[in-house]
2 protein chains.
Amino acid sequence: MVELTQILQNLKSRGYRLTKTRKQIIGIFLESRVPLSAQELRLELQRRNYQVDKATVYREISFLKGQKIVREVQFGEGKKRFEINLTDHHHHIVCIRCEKVDDIVLENDLRDQEKKIFELKKFKVLNHSLEFFGLCTKCQ
Amino acid sequence: MVELTQILQNLKSRGYRLTKTRKQIIGIFLESRVPLSAQELRLELQRRNYQVDKATVYREISFLKGQKIVREVQFGEGKKRFEINLTDHHHHIVCIRCEKVDDIVLENDLRDQEKKIFELKKFKVLNHSLEFFGLCTKCQ
DNA sequence: TGACAAATGCAATCAAGTTGCATTAACTAT
DNA sequence: ATAGTTAATGCAACTTGATTGCATTTGTCA
């Protein structure tokens with residue numbers, strides 16, 4: 001896992017500690033292809049025989065978000081999900097039946113739209129959230 | 001308020017009761033140009049000297065959502081917001097500093113993208129959520 | 001190895017949202 | 001207008017996601 005050591009080196013060089021929790025959590029995010037909730041993350045830590053308090057999990061997520069190592073996404077479930085922030089800008093397609101999540105990369109994306117928003121409303125877009133909900137192949 | 005009586009008539013014809021709570025809440029949604037959280041809705045009811053239990057507020061929102069009278073939107077605050085579902089399909093631009101919310105209508109929208117998603121992944125998009133975050137004119 | 005501060009665990013707390021159950025009130029039929 | 005029915009409500013307890021203060025532990029570096 002080349003990327004893990006890179007991330008850790010980077011954090012260390014910025015003066016942050018490489019705790020067991022931090023290494024485990026970044027490792028899990030790197031391996032997961034789908035966004036994880038705080039709970040799912042904690043369960044995965046447990047599955048790996050590493051017990052961490054939920055406060056620590058939330059604090060670590062918050063830290064990693066601040067460091068731009070993970071990004072927040074949400075599917076309107078009443079909770080937040082997080083995914084590693086290394087991959088290209090993409091969106092999600094979420095099956096409303098089996099809840100499977102997949103990534104989708106849209107070419108050209110929304111840059112034109114964001115330009116129009118600025119022309120129209122003088123509103124400077126810095127970020128957007130876009131998720132698609134529907135039925136996957138199996139569930140149609 | 002023509003639309004209010006229309007909505008109420010429609011509900012009544014479908015066999016639902018026109019309770020004081022229901023009338024008040026639909027009225028508030030019709031008057032509010034911004035999506036409301038359950039709490040804000042309840043506070044607005046209180047402001048109008050009408051005290052309602054939070055369980056009732058949640059149940060009524062759930063009912064109105066089921067009736068397609070309101071729709072759910074979210075700005076990643078860890079809570080859900082709701083807005084009246086009469087207006088054309090639109091999205092939101094949310095200022096990350098002053099939190100002001102405005103509507104934006106995108107011509108052509110994401111139909112092309114959704115078509116591409118089906119071609120690419122055989123995933124049938126039924127719905128999407130798209131919000132823009134950035135700085136409004138005042139806050140830039 | 002020891003000192004310092006970051007990170008952690010624990011427990012309490014908060015906010016959003018849900019549920020069971022007894023009571024109230026909107027509507028219907030008479 | 002009245003009585004019966006049942007949807008809607010209030011209350012209280014509860015669940016889940018998330019946050020915080022504080023004492024303790026642990027990673028780092030001199």
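Chain letters run A, B, ... following the sequence lines, proteins first, then strands; residues in each count from 1. Only heavy atoms go into these numbers, but all of them, side chains included; no hydrogens, no water, no symmetry mates. It should be emphasised that the depicted structure is a prediction, and the values quoted were computed from it without experimental measurement.
For the contact set between residues 46-56 of chain B and DNA chain C, defined by any heavy atom under 4.0 Å, the members are B:K54, B:A55. Of the residues in residues 69-78 of chain B, none has a non-hydrogen atom less than 4.0 angstrom from any atom of DNA chain D.
Counting to the nearest Å, the C1' atom of C:dA16 and the CD atom of B:E40 are 13 Å from each other. One can place CG of A:L8 at 15 Å from C1' of C:dA7, the figure rounded to the nearest angstrom. Whole-Å rounding puts the A:I26 CD1 to C:dA7 P distance at 11 Å. Remark: C1' of D:dT20 and CD1 of A:I61 are 16 Å apart, rounded to the nearest angstrom. If you take CG of B:L64 and P of D:dA7, they are 17 Å apart, rounded to a whole angstrom. As a whole-Å value, the separation of B:R42 CZ from C:dA15 C1' is 13 Å. Separating the CG atom of A:L36 from the C1' atom of D:dG17 is a distance of 16 Å, rounded to the nearest angstrom. The nearest whole Å value for the distance from the CD atom in A:E60 to the P atom in D:dT19 is 14 Å.
For A:R59 and C:dG9, a side-chain-to-base donor-acceptor distance below 3.5 Å is present, hydrogens and geometry of angles not being considered.
For the side-chain contact (heavy atoms from CB on, under 4.5 Å) criterion with B:R81, the lone passing option out of B:Q74, B:E40, B:E72 is B:E40.
Taking a 6.0 Å sphere around CD of A:Q140, one finds it holds more than 12 heavy atoms contributed by other residues, nucleotides or ligands. Heavy atoms from other residues, nucleotides or ligands lying under 6.0 Å from CZ of B:R111 number 12 at most. The number of heavy-atom neighbours closer than 6.0 Å to NZ of B:K124, taken from other residues, nucleotides and ligands shown, is 12 or below.
Using a 4.0 Å heavy-atom distance criterion, B:T21 is classed as a sugar-phosphate-only contact.
B:E131 pairs by the salt bridge (charged side-chain N to carboxylate O under 4.0 Å, His left out) definition with nothing, not counting sequence neighbours. Legend: residues meeting salt bridge (charged side-chain N to carboxylate O under 4.0 Å, His left out) with B:K115, ordered by chain and number and at least two apart, are absent. A:Q9 pairs by the side chain to side chain contact (heavy atoms under 4.5 Å, CB included) definition with nothing, not counting sequence neighbours. In this structure A:R48 satisfies the salt bridge (charged side-chain N to carboxylate O under 4.0 Å, His left out) test together with A:E31, A:E44, sequence neighbours excluded.
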For nucleotides 23-30 of chain C, give me one character per nucleotide, 5' to 3': B if any protein heavy atom sits under 4.0 Å from the base, S if the only such contacts are to the sugar-phosphate, - if neither. --BBS---
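In this structure, B:I25 and B:V52 have side chains that are not in contact, with every pair of non-hydrogen atoms separated by 4.5 Å or more.
Mapping A:G15 and B:S37 onto DNA chain C via the closest heavy atom, the residue that lands nearer the 5' end is A:G15.
In this model, the phosphate group of C:dA16 is approached by a side-chain N or O of B:Q39 to a distance below 4.0 Å at OP1 or OP2. Here A:Y58 reaches the OP1 or OP2 of D:dA18: one of its side-chain N or O atoms lies under 4.0 Å away.
Cluster partners of A:L110 are A:I93, A:I104, A:L106, A:I117, A:L120, A:F123, A:V125, A:L130, A:F132, B:I93, B:I104, B:L106, B:L110, B:I117, B:L120, B:F123, B:V125, B:L130, B:F132, counting Ile, Leu, Val, Met, Phe, Trp and Tyr whose side-chain heavy atoms approach within less than 4.5 Å, directly or via other members. Summarising the hydrophobic clusters (Ile, Leu, Val, Met, Phe, Trp, Tyr; side-chain heavy atoms under 4.5 Å, direct or chained), the residues clustered with B:F118 are none. Hydrophobic side-chain contacts under 4.5 Å tie B:L43 to no other Ile, Leu, Val, Met, Phe, Trp or Tyr residue.
Axis angle between the ends of the helix from C:dT1-D:dA30 to C:dT30-D:dA1, five pairs each and rounded to 10 degrees, works out to 30°.
Within the structure, the ring-ring contact (aromatic ring centres under 6.0 Å, His included) test picks out the following pairs touching residues 49-80 of chain A (sequence neighbours left out): A:Y16-A:F63, A:F75-A:H92.
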Before you tell me yes or no, could you show the steps for B:N85 and B:L64 under side-chain contact (heavy atoms from CB on, under 4.5 Å), namely the whole-Å CA-CA distance, both residues' side-chain angles and the distance that decides it to 0.1 Å? CA-CA 10 Å; B:N85 200 14; B:L64 294 175; over 6 Å; no
